[in-house]
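Here is the structure we will look at.
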Amino acid sequence: MRYEILGPLRVVDDNGSSFITAREIEILLAVLLIRADRLVTTDELIAEIWGEQVPRRATACLHVYISQLRKFLSRPGLPESPIVTRLPGYLLRMGSDE
């Protein structure tokens with residue numbers, strides 16, 4: 001799997017390119033990609049996604065977005081999600097070829 005962040009954010013694999021159409025989930029993936037293999041706290045993700053306009057249920061929304069992003073990134077033959085939950089946040093594991 002390859003991530004392309006210049007221009008529209010895309011995920012490329014053997015089946016072609018995939019795009020994320022939801023703005024918040026695209027921001028979430030971009031932040032995790034920029035800080036790949038490093039922990040990004042829940043508070044940092046919330047700040048990046050919503051800025052100063054944080055909704056009342058931001059943490060719950062973030063959990064839903066992480067779940068949707070995990071589904072988007074799941075591929076046959078990939079035993080586990082590249083997104084790892086580690087308190088107090090998440091990280092995106094990158095392989096050497098990604």
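All residue numbers in this chain count up from 1 along the given sequence.
Remark: Arg57 CZ to Thr59 OG1 distance equals 9.0 Å, nearest 0.5 Å. Atoms CD1 and NZ, from Ile25 and Lys71 in turn, are 10.5 Å apart once rounded to the nearest 0.5 Å. Taking SG of Cys61 as the reference point, atom CG of Leu45 lies at 13.5 Å (rounded to 0.5 Å). Distance CZ/Arg86 to CZ/Arg38: 14.0 Å, rounded to 0.5 Å. Annotation: the span from Ile66 atom CD1 to Leu28 atom CG amounts to 4.5 Å, rounded to 0.5 Å.
Counting non-hydrogen atoms of other residues, nucleotides and ligands closer than 6.0 Å to CD1 of Ile5 gives a total of 12 or fewer. Other residues, nucleotides and ligands place more than 12 heavy atoms under 6.0 Å from the CG atom of Asp37.
By the criterion of side-chain heavy atoms lying less than 4.5 angstrom apart, applied directly or through intervening Ile, Leu, Val, Met, Phe, Trp or Tyr residues, Leu91 is not grouped with Val31; the two fall into different hydrophobic clusters. Side-chain heavy atoms closer than 4.5 Å link hydrophobic residues (I, L, V, M, F, W, Y) into clusters, and following such links, possibly through other members, connects Val54 to Val40. Cluster membership check: Met94 shares its hydrophobic cluster with Leu9, using side-chain heavy-atom separations under 4.5 Å among Ile, Leu, Val, Met, Phe, Trp and Tyr.
Legend: residues meeting side chain to side chain contact (heavy atoms under 4.5 Å, CB included) with Pro8, ordered by chain and number and at least two apart, are Phe19. With sequence neighbours excluded, the residues that form a side chain to side chain donor-acceptor pair (under 3.5 Å) with Thr85 are Arg70. With sequence neighbours left out, the side chain to side chain contact (heavy atoms under 4.5 Å, CB included) criterion links Leu73 to Met1, Tyr3, Val11, Leu29, Leu69, Pro82, Ile83, Leu92. Considering only residues two or more places apart in sequence or on other chains, Glu80 meets the side chain to side chain donor-acceptor pair (under 3.5 Å) condition with Arg93. Scored by the side chain to side chain donor-acceptor pair (under 3.5 Å) test, Glu4 finds Arg2, Arg10 as partners (sequence neighbours excluded).
Side-chain contact between Ser18 and Val12 is absent, with no heavy atoms from C-beta onward closer than 4.5 Å. By the 4.5 Å heavy-atom criterion applied to side chains, Leu39 and Tyr90 are not counted as neighbours.
Among pairs with a residue in residues 44-83, those fulfilling ring pair (Phe, Tyr, Trp, His ring centres under 6.0 Å) read Trp50-Tyr65, at least two apart in sequence or across chains.
Remark: side-chain polar atoms of Thr42 are paired, donor with acceptor, to backbone N or O of Pro88 under 3.5 angstrom.
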